[in-house]
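Beneath this line is the structure, given in structure tokens, with notes to follow.
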Protein chains: 2
Amino acid sequence: MNKIERNRPGQTNGKPKRVTILQVAADAGVSFAAVSKVLRNAYGVSESLRERVNASIKKLGYTPNTAARGLRGRSFVVGVVFPDMRNPFLADIFAGISAGFERTPYQAVQGIASQSNERDLTQAMIDMQMDGLILVSSSLSPEQLTDLGSRIPAVAIGNRPLVETTFDTVNNNDEQSGRLVVQHLAKQGAERIAMLSLEHPTAMRMRESGYRHEMEAQGLSAYINIARTEQTPRGIYGGMEKLLESRPQALFCWCDAVAFESISHARSNGLRVPEDLAIVGHDNTVYCALDQNSLTSVDQSGEQIGTHAARLLVERFEGRIETEQILLQPRLVVRRSSTLDG
Amino acid sequence: MNKIERNRPGQTNGKPKRVTILQVAADAGVSFAAVSKVLRNAYGVSESLRERVNASIKKLGYTPNTAARGLRGRSFVVGVVFPDMRNPFLADIFAGISAGFERTPYQAVQGIASQSNERDLTQAMIDMQMDGLILVSSSLSPEQLTDLGSRIPAVAIGNRPLVETTFDTVNNNDEQSGRLVVQHLAKQGAERIAMLSLEHPTAMRMRESGYRHEMEAQGLSAYINIARTEQTPRGIYGGMEKLLESRPQALFCWCDAVAFESISHARSNGLRVPEDLAIVGHDNTVYCALDQNSLTSVDQSGEQIGTHAARLLVERFEGRIETEQILLQPRLVVRRSSTLDG
DNA sequence: TTGAAAGCGCTAACAA
DNA sequence: TTGTTAGCGCTTTCAA
């Protein structure tokens with residue numbers, strides 16, 4: 001039985017008055033415009049005035065009202081849009097973003113966007129007067145992204161890189177990811193190498209392309225086999241069922257979580273990993289190292305990606321006009337899930 | 001080698017003008033106050049005026065400026081503060097919160113707070129003129145929470161419930177969680193049941209208490225054994241090492257991620273799970289069901305918790321004065337990691 | 001170097 | 001029912 005308790009409040013519910021720039025000005029004995037100048041590090045304030053104002057700010061515990069600031073100038077808030085909260089790789093990216101804004105005046109807040117509400121969420125962030133946006137694995141169309149980039153400084157992470165855009169991008173070299181995996185598996189002696197990819201058109205298309213090209217380079221064109229699924233347990237299950245029909249020796253999964261599901265699925269079907277089915281994931285998330293998974297995975301350093309994104313945004317704020325596209329190189333981390341020989 | 005490309009932008013960088021309430025008013029041929037009234041569903045607007053204004057809003061693609069709104073009235077933005085992004089249980093809570101705000105005008109944005117910056121983050125959210133806050137597993141002290149609650153409507157999730165506070169709470173019955181686990185393990189025949197808990201004082205203290213009380217009730221007081229660790233791989237490792245010295249038959253971990261680490265650690269030490277060491281987690285996150293984990297875990301329905309929190313906040317916005325404390329009942333989901341017999 | 005004043009886009013009291 | 005008006009707390013000219 002659930003329990004609910006109601007209590008009279010210890011204090012009233014009325015919004016307490018904020019300390020404003022005026023009270024700081026009064027306390028310091030200067031005009032409120034002077035306080036604003038100190039706040040913004042504006043040109044033309046004497047050292048003594050600055051000190052007096054800063055003393056009052058500290059004394060009164062003043063913090064600037066972001067909404068009021070944003071209404072006239074910058075809000076110093078940036079929005080980060082994630083596609084979901086479940087993938088621990090996103091936490092790596094977030095850590096990088098945080099680190100990137102560390103020594104800047106910018107505060108990052110996050111939003112989680114389902115495919116259907118990403119437009120609304122980004123608009124809401126613009127309406128909040130945020131100064132810039134970082135979009136991770138956005139599901140917006142190239143046209144929508146271009147439009148967004150023309151309305152607010154933006155950085156897209158994990159989108160197919162486009163030239164001549166209105167926004168910056170930071171990407172893993174996904175073509176290379178696909179190649180690394182096939183090279184490794186082929187060297188282990190596998191020929192029937194299948195790939196589990198994403199239905200939704202994203203950077204995964206590049207990973208598929210790398211997989212295809214390397215399969216061809218290895219003379220394994222006949223065994224190219226890709227299943228695209230939704231990112232749901234049911235979808236993944238269906239995709240695996242389909243791939244297993246062709247008795248693959250190895251499986252490349254577009255992300256670690258899917259690879260873990262695949263390990264689970266394979267084991268439930270009586271298949272040994274890696275003897276009967278080698279499995280490789282992508283992102284090298286924390287769970288890969290666990291003994292029960294020991295998953296070979298492609299590391300794309302989410303932290304580095306995030307730090308780049310934050311830096312790019314700050315550069316735009318500080319005046320950079322031309323867009324910048326960054327492409328980072330992945331590396332393979334080999335573990336037991338794909339080690340066929342002792 | 002990483003690649004960087006620079007391009008001239010397709011469009012300029014200047015902020016495009018927003019559509020404001022004035023342009024809507026001009027387009028509809030009414031005063032801008034009339035538009036504001038339509039927006040706020042305020043009393044005293046004729047049907048025809050409302051229709052005309054709504055038509056102009058749609059036509060011009062107007063969306064209200066949140067910052068300007070917040071400066072006078074409500075911003076319709078609520079902030080959700082999470083302790084980290086790695087724990088998939090938080091995603092369940094978030095899903096519940098989202099669902100809870102679905103049919104309301106409120107937009108939720110998230111912040112991730114390390115222990116050291118939670119105060120700054122909550123202050124920043126207040127500075128953004130957010131209407132309310134939801135704090136998940138907050139590391140703020142009771143005094144800080146009480147103070148926060150007196151400054152802005154707030155709901156705390158996963159804090160030790162206090163009476164006579166300034167904020168609402170939603171909690172799992174953690175005492176009950178501890179009891180359920182010990183009952184289950186004792187029934188399986190285990191006596192030396194150890195617990196891996198958190199260093200930082202949180203709701204975990206209640207879980208420890210339930211563990212203790214049930215151990216006593218089962219006549220196993222002599223075997224009570226709790227290790228409190230940091231939430232880092234190193235910390236968890238150290239805690240396990242310490243607990244294993246006393247050769248426990250079963251281990252109750254304060255969250256699933258720690259339980260997965262424990263499974264990994266046990267296996268690397270040559271221990272079989274559950275034969276040599278039964279393991280139970282908490283939160284019943286998605287990975288528990290995977291064959292390679294098959295982890296028994298306590299389900300505390302994060303989604304329900306989140307939905308309650310959102311509802312409580314909306315109620316406060318709509319005038320509720322007294323605080324409310326909700327306590328939900330957990331249930332145990334048994335899997336192979338703790339099934340000692342057949 | 002400092003301060004006065006206008007105004008960002010909106011809400012809400014008040015007047016018409 | 002509608003419109004007028006005074007701010008919310010700040011940034012940013014411009015004048016002193």
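Numbered from 1 within each chain, the chains take letters A, B, ... in sequence-line order.
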| message | Tell me whether B/R69 contacts the main-chain N or O of B/L71 through its side chain, where contact means a donor paired with an acceptor under 3.5 Å. | response | no
| query | Are B/M128 and B/V77 close enough that some pair of their side-chain heavy atoms sits under 4.5 Å apart? | reply | no
| Applying side chain to side chain donor-acceptor pair (under 3.5 Å), which residue pairs with at least one partner in residues 112-122 of chain A are found, sequence neighbours left out? | A/S114-A/S116, A/S114-A/N117, A/Q115-A/H200, A/E118-A/S138, A/E118-A/S139
| note | side-chain contact (heavy atoms from CB on, under 4.5 Å) filter on A/S137, not counting sequence neighbours, yields A/P83
| said: Quick test of your reading: applying ring pair (Phe, Tyr, Trp, His ring centres under 6.0 Å), list the pairs with at least one residue in residues 93-146 of chain B, sequence neighbours left out, ordered by first then second residue. | reply: B/F76-B/Y106, B/Y106-B/F317
| message | Applying side chain to side chain donor-acceptor pair (under 3.5 Å) as the test, list every pair that has at least one member in residues 57-68 of chain A; sequence neighbours left out. | response | A/D27-A/K59, A/T63-B/Q123, A/T63-B/D127, A/N65-B/Q129
| said: Quick check for you: name the first and last nucleotides of DNA chain C, 5' to 3', having an atom under 4.0 Å from a heavy atom of chain B. | reply: C/dG9 to C/dA12
| remark: Sorted by chain and residue number, the side-chain contact (heavy atoms from CB on, under 4.5 Å) partners of B/A156 (sequence neighbours excluded) come out as B/N159, B/F167, B/T169
| request: Please list, chain by chain and in numerical order, all residues satisfying side-chain contact (heavy atoms from CB on, under 4.5 Å) with B/A203, sequence neighbours excluded. | output: B/D174
| field | Set of side-chain contact (heavy atoms from CB on, under 4.5 Å) partners for A/D92, sequence neighbours left out | value | A/F89, B/R86
Distances for protein N/O vs nucleotides 10-14 of chain D N/O pairs under 3.5 angstrom?
residue : atom : partner : partner atom : Å
D/dC10  : OP1  : A/Y62   : OH           : 2.5
D/dC10  : OP1  : A/N65   : N            : 3.1
D/dC10  : OP2  : A/I21   : N            : 2.6
D/dT11  : OP1  : A/R69   : NE           : 2.8
D/dT11  : OP1  : A/R69   : NH2          : 3.3
D/dT11  : OP2  : A/S36   : OG           : 2.8
D/dT11  : O2   : A/R72   : NE           : 3.3
D/dT11  : O2   : A/R72   : NH2          : 3.4
D/dT12  : OP2  : A/R40   : NH1          : 3.1

| field | Residues touching DNA chain C, which here means a heavy atom under 4.0 Å, drawn from residues 48-60 of chain A | value | A/L49
| said: Contact between A/V81 and A/I134 at the side-chain level, heavy atoms closer than 4.5 Å - yes or no? | reply: no
| request: State whether the side chain of A/D131 and the backbone N or O of A/R74 hold a donor-acceptor pair below 3.5 Å, judged by distance alone. | output: no
| query | Can you name the salt bridge (charged side-chain N to carboxylate O under 4.0 Å, His left out) partners of B/R311, sequence neighbours left out? | reply | B/E315
| field | Axis deviation across the helix from C/dT1-D/dA16 to C/dA16-D/dT1, five-pair ends, to the nearest 10° | value | 40°
